[in-house]
Amino acid sequence: MNIVLLGIQGSGKGTLVQDLSKHLDFSLVSVGALLREEIATGSQLGKLIKSKTDKGELVDIKIVIETVKKKLSENKKPIVIFDGFPRSKEQADELDKICNVDLAIYLNLKKDDAIKRIMNRLTCSKCGNITTRTNCPDMICPICKGKLTVRSDDTPEAVNKRFEQYELETYPLIERYKKRGVLVEIDASKTPNEVLKAVMKVIK
Ligand code: AMP
């Protein structure tokens, strides 16, 4: 079963995936996280990727597809969740060549609420755990005690650019999957636990 997660930045895709992993065995293809891993190696490719992500621009489709294919080649699990991919019509066309999309989960959240969440978002520099300033004002990860940091692309300029890109390129994909009859819309303004329950009902 191949599942695509769609939703504006800050709609809770990362948190949902984190919570789902406690209840469901799946392989995760999180393109943003995979790109950040490449950046962390300090490679030339990582530097090229960082020059795009820091500005909130989409990374070249060839690099993205390579990244997705590499991750899928290591997969042995029957459920695959794509987070942050596809993000454009071209990427969705490429995904159709790779596999069948059985379910597209759309986390629907208003832009104003998404901005508030992004401004509150913290990520652990050690284990990648996603949390908030409200939950962790001491900036220490409750899971591994690593240092919590603000993502380098969560600056107002980069966030605006990502919203623009989402509205222009990613949002139309909702119609694409709706027409195919595989789209399920979830109210992402609810608590993480409520969102998790709603998604579990759809998957099981
Ligand atoms: P995310 O972690 O999903 O918010 O992604 C962080 C950044 O990685 C984005 O702002 C893009 O620069 C890049 N990125 C993630 N997914 C993709 C994708 N499917 N295509 C192109 N760039 C991507």
Side-chain angles (χ1 to χ4, degrees), residues 2-21 27-41 43 45-72 80-99 101 104-107 109 111 113-125 127-132 148-174 176-177 188:
N2 300 309
I3 304 170
V4 160
L5 282 188
L6 295 169
I8 197 164
Q9 286 72 24
S11 59
K13 300 186 293 293
T15 301
L16 172 64
V17 159
Q18 204 166 272
D19 294 344
L20 269 176
S21 69
S27 175
L28 175 66
V29 182
S30 170
V31 172
L34 292 168
L35 295 176
R36 281 189 285 279
E37 274 175 27
E38 187 62 45
I39 293 172
T41 67
S43 67
L45 177 63
K47 288 192 177 99
L48 181 69
I49 293 170
K50 190 168 165 32
S51 71
K52 293 284 183 184
T53 55
D54 274 358
K55 283 187 269 175
E57 289 173 8
L58 284 190
V59 172
D60 185 278
I61 188 164
K62 276 195 199 140
I63 298 175
V64 170
I65 301 301
E66 278 286 297
T67 306
V68 169
K69 284 188 174 164
K70 182 166 179 279
K71 183 72 186 173
L72 285 176
V80 178
I81 300 184
F82 295 91
D83 165 20
F85 176 82
R87 257 178 153 102
S88 64
K89 180 187 177 297
E90 292 70 30
Q91 292 188 8
D93 289 343
E94 287 301 318
L95 181 59
D96 284 341
K97 290 182 207 160
I98 300 170
C99 67
V101 174
I105 296 174
Y106 167 38
L107 297 184
L109 187 71
K111 192 172 162 182
D113 293 337
I115 293 173
K116 279 185 212 145
R117 284 195 188 169
I118 292 173
M119 292 306 145
N120 197 23
R121 173 159 76 184
L122 293 173
T123 306
C124 178
S125 53
C127 73
N129 174 40
I130 303 167
T131 182
T132 61
L148 294 173
T149 53
V150 175
R151 264 172 52 171
S152 68
D153 58 348
D154 277 350
T155 59
E157 298 77 25
V159 167
N160 273 333
K161 184 85 198 159
R162 276 148 68 205
F163 279 143
E164 221 174 79
Q165 170 272 316
Y166 172 82
E167 278 158 14
L168 217 81
E169 301 206 51
T170 314
Y171 187 74
L173 297 181
I174 289 157
R176 176 186 181 115
Y177 292 120

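One-based numbering, in listed order, for ligands and for the atoms of each.
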Identity and separation of the nearest protein heavy atom to atom 21 (C) of ligand 1:
V59 N, 3.2 Å
Per-atom contacts of ligand 1 with G32, taking only distances under 4.0 Å to non-hydrogen atoms:
2 (O), 5 (O), 15 (C), 16 (N)
Would the distance check show the side chain of Q18 and the main-chain N or O of I130 forming a donor-acceptor pair, the cut-off being under 3.5 Å?
yes
Nearest heavy atom to atom 6 (C) of ligand 1, choosing from Q165, R162, R151, belongs to R151
Say whether, by atom type as modelled, one donor and one acceptor occur between the side chain of T15 and the main chain of G12 under 3.5 angstrom.
no
Quick one: do D96 and R176 satisfy salt bridge (charged side-chain N to carboxylate O under 4.0 Å, His left out)? Show the steps, please.
CA-CA 12 Å; D96 284 341; R176 176 186 181 115; 2.7 Å; yes
Please state whether Q9 comes within less than 4.0 angstrom of ligand 1, counting heavy atoms only.
no
Suppose I only count heavy atoms of D153 and a 4.0 Å limit; which atoms of ligand 1 are within that range?
6 (C), 7 (C)
Evaluate G84 for polar contact with ligand 1, using N/O atom pairs at a separation under 3.5 Å.
yes
Using heavy-atom distances only, which candidate in E57, K52, R36 approaches atom 12 (O) of ligand 1 most closely?
E57
Would you give the length of the straight line joining atom CZ of F82 to atom OG of S30, rounded to the nearest 0.5 angstrom?
11.5 Å
Answer yes or no for K161: is there a heavy-atom contact with ligand 1 below 4.0 Å?
no
Flag, side chain of E66 to backbone of K62, donor-acceptor distance under 3.5 Å:
no
Any donor-acceptor pair under 3.5 Å from T149 side chain to T123 backbone:
yes
Which residue supplies the protein heavy atom nearest to atom 9 (C) of ligand 1, what is that atom called, and how far is it?
R87 NH2, 4.0 Å
Does atom CD of E167 have more than 12 heavy-atom neighbours from other groups under 6.0 Å away?
yes
In this structure, atom 20 (N) of ligand 1 is nearest to the protein heavy atom Q91 NE2, 2.7 Å
Backbone of G7 reached by a side-chain donor or acceptor of K13 within 3.5 Å
yes
Selection from I49, V159, T170, L35 by shortest heavy-atom distance to atom 13 (C) of ligand 1
L35
Checking a contact table here: which protein heavy atom is nearest atom 8 (O) of ligand 1, and how many Å away?
T53 CG2, 3.5 Å
Which one holds for L58 and ligand 1: side chain close, backbone close, both close, or neither close, with close meaning a heavy atom under 4.0 Å?
both
Looking only at atom types and distance, does a side-chain atom of R162 sit under 3.5 Å from a main-chain N or O of D153, one as donor and one as acceptor?
yes
